[in-house]
Amino acid sequence: MEKMNINKLPIAVIDSGVGGISVLRELIKIMPRENYIYFGDSKNAPYGSKEKAEVLEITRNNLKMLQERGIKALVVACNTATSAAVRILREENPDLVIVGIEPAIKPPAVTLDNPRVLVMATPLTLKEEKFKRLVAQYSDRADIIPLPCHRLAELIESGNIDTPELDEYVSSLLEPYRSKGIDALVLGCTHYPHVRETIERHISPSVKIFDGGEGTARETRRRLEASNNLCPADQVGVIEIYNSTNDEKMIELSKKLLYK
């Protein structure tokens with residue numbers, strides 16, 4: 001395939017549903033002329049309660065489907081799938097740019113003075129070796145507190161973006177930490193930025209919030225630039241959104257979250 005044709009191919013963004021739309025937003029901000037395919041795997045959601053081997057197989061199959069369509073890069077916009085699959089998928093696809101995401105522990109650890117950092121994430125993300133290595137890497141700079149959020153991604157996935165049920169659940173999650181002197185809160189699942197305003201209501205205004213979407217977008221641009229695969233300067237980007245459920249409501253929810 002000619003280089004120019006490769007450059008025009010879309011960047012694929014995948015997640016266990018609508019969460020990765022928050023990463024797609026950051027990608028579009030940084031690379032607005034690129035073509036994108038977003039694939040939300042709501043049929044298999046939530047990934048965070050599945051075994052690692054199952055998440056790997058699901059992610060591998062989704063990549064194969066996207067490669068058959070033609071893509072130049074894959075962004076795994078899911079902390080759980082990144083932990084379970086990215087390293088292996090890179091080994092299996094050495095010629096494809098594959099970028100994952102991880103909880104944004106580094107930014108508060110290196111920019112704040114010995115902070116207490118609360119990390120909201122799925123149970124599987126918090127159990128993964130990748131997360132444990134991140135904690136170990138920055139444990140001398142920050143007090144890192146994991147907070148497993150068993151239902152939050154599912155509530156968001158079902159469209160509970162601004163409801164009393166979501167508000168009550170977030171309140172119950174964060175209430176034990178309100179008086180614990182938390183300095184920073186990490187949104188360790190790509191679903192969570194969609195309810196950032198709700199989360200902010202239940203923590204002190206002094207708590208700084210971090211998520212990994214912007215860093216993932218910057219790394220994707222860096223990798224595409226290094227391989228000379230950025231799109232032509234005159235390209236007008238096209239965004240395609242798909243969902244494994246084939247449910248038009250999920251497509252509409254994805255668009256609502258993208259353009260809100």
Side-chain angles (χ1 to χ4, degrees), residues 15-23 26 45-50 77-83 101-216 257:
D15 179 53
S16 61
V18 301
I21 292 289
S22 64
V23 179
E26 298 299 328
Y47 285 4
S49 58
K50 298 183 186 299
C78 172
N79 288 275
T80 301
T82 294
S83 296
I101 192 168
E102 62 184 23
I105 292 174
K106 179 181 177 180
V110 302
T111 61
L112 303 178
D113 184 21
N114 296 313
R116 299 199 80 202
V117 182
L118 186 65
V119 183
M120 300 175 67
T122 67
L124 182 56
T125 292
L126 297 177
K127 286 192 297 185
E128 276 297 319
E129 200 58 42
K130 185 180 181 70
F131 177 77
K132 293 175 183 177
R133 286 197 301 269
L134 263 178
V135 171
Q137 185 176 354
Y138 296 104
S139 60
D140 61 334
R141 295 186 174 204
D143 179 12
I144 300 165
I145 306 165
L147 174 58
C149 304
H150 294 271
R151 294 176 50 231
L152 187 52
E154 291 92 315
L155 285 169
I156 298 165
E157 189 69 22
S158 64
N160 281 284
I161 304 301
D162 188 17
T163 64
E165 181 183 7
L166 179 84
D167 191 77
E168 183 178 337
Y169 178 69
V170 171
S171 176
S172 67
L173 270 178
L174 295 176
E175 195 278 331
Y177 301 95
R178 288 188 190 123
S179 60
K180 297 292 178 67
I182 300 299
D183 301 295
L185 187 148
V186 173
L187 305 179
C189 170
T190 54
H191 281 74
Y192 302 168
H194 296 311
V195 294
R196 178 171 176 150
E197 291 179 2
T198 300
I199 290 169
E200 287 175 337
R201 284 202 298 270
H202 296 288
I203 59 172
S204 167
S206 64
V207 174
K208 299 182 183 300
I209 297 181
F210 298 83
D211 76 78
E214 183 183 352
T216 297
L257 293 171

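Keep in mind the model is a prediction, meaning the values are calculated, not measured. Numbers for residues simply follow the sequence, beginning at 1.
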Taking all non-hydrogen atoms of both residues, which atom of H194 and which atom of S22 are closest, and how far apart?
CE1-N, 3.5 Å

Is a donor on one side and an acceptor on the other found under 3.5 Å between the side chain of E102 and the backbone of F131?
no

S83 side chain to E128 main-chain N or O, any donor-acceptor pair under 3.5 Å?
no

Heavy atoms of D15 and A77 approach each other most closely as OD1-O, 3.0 Å

Strictly distance-based, threshold 3.5 Å: is any side-chain N or O of S171 a donor or acceptor partner for the main-chain N or O of E168?
no

Roughly how far, to the nearest 0.5 Å, is the OG1 atom of T80 from the CG atom of L124?
5.0 Å

Spatial distance of atom CG (D143) from atom CG (D183) [nearest 0.5 Å]
9.5 Å

Please tell me if the side chains of P103 and T125 come closer than 4.5 Å, counting only heavy atoms from C-beta onward.
yes

Between the NZ atom in K180 and the CD atom in E175, the distance rounded to the nearest 0.5 Å is 9.0 Å

Here the gap from L173 atom CG to L118 atom CG, rounded to the nearest 0.5 Å, amounts to 9.0 Å

Can you sort out the partners of R201 under salt bridge (Lys or Arg N to Asp or Glu O under 4.0 Å), two or more places apart, ordered by chain and number?
D167

Closest approach of P107 and F210, non-hydrogen atoms and distance?
CB-CD2, 3.6 Å

Has E197 got more than 12 heavy atoms of other residues, nucleotides or ligands less than 6.0 Å from its CD?
no

Taken to the nearest 0.5 Å, the spacing of L152 CG from L166 CG works out to 6.0 Å

Side-chain donor/acceptor of Y138 to backbone N/O of I105, under 3.5 Å:
no

Does E200 pair with R196 as a salt bridge, N-O distance under 4.0 Å?
yes

Donor-acceptor check, side chain of N79 to backbone of G188, threshold 3.5 angstrom: yes or no?
yes

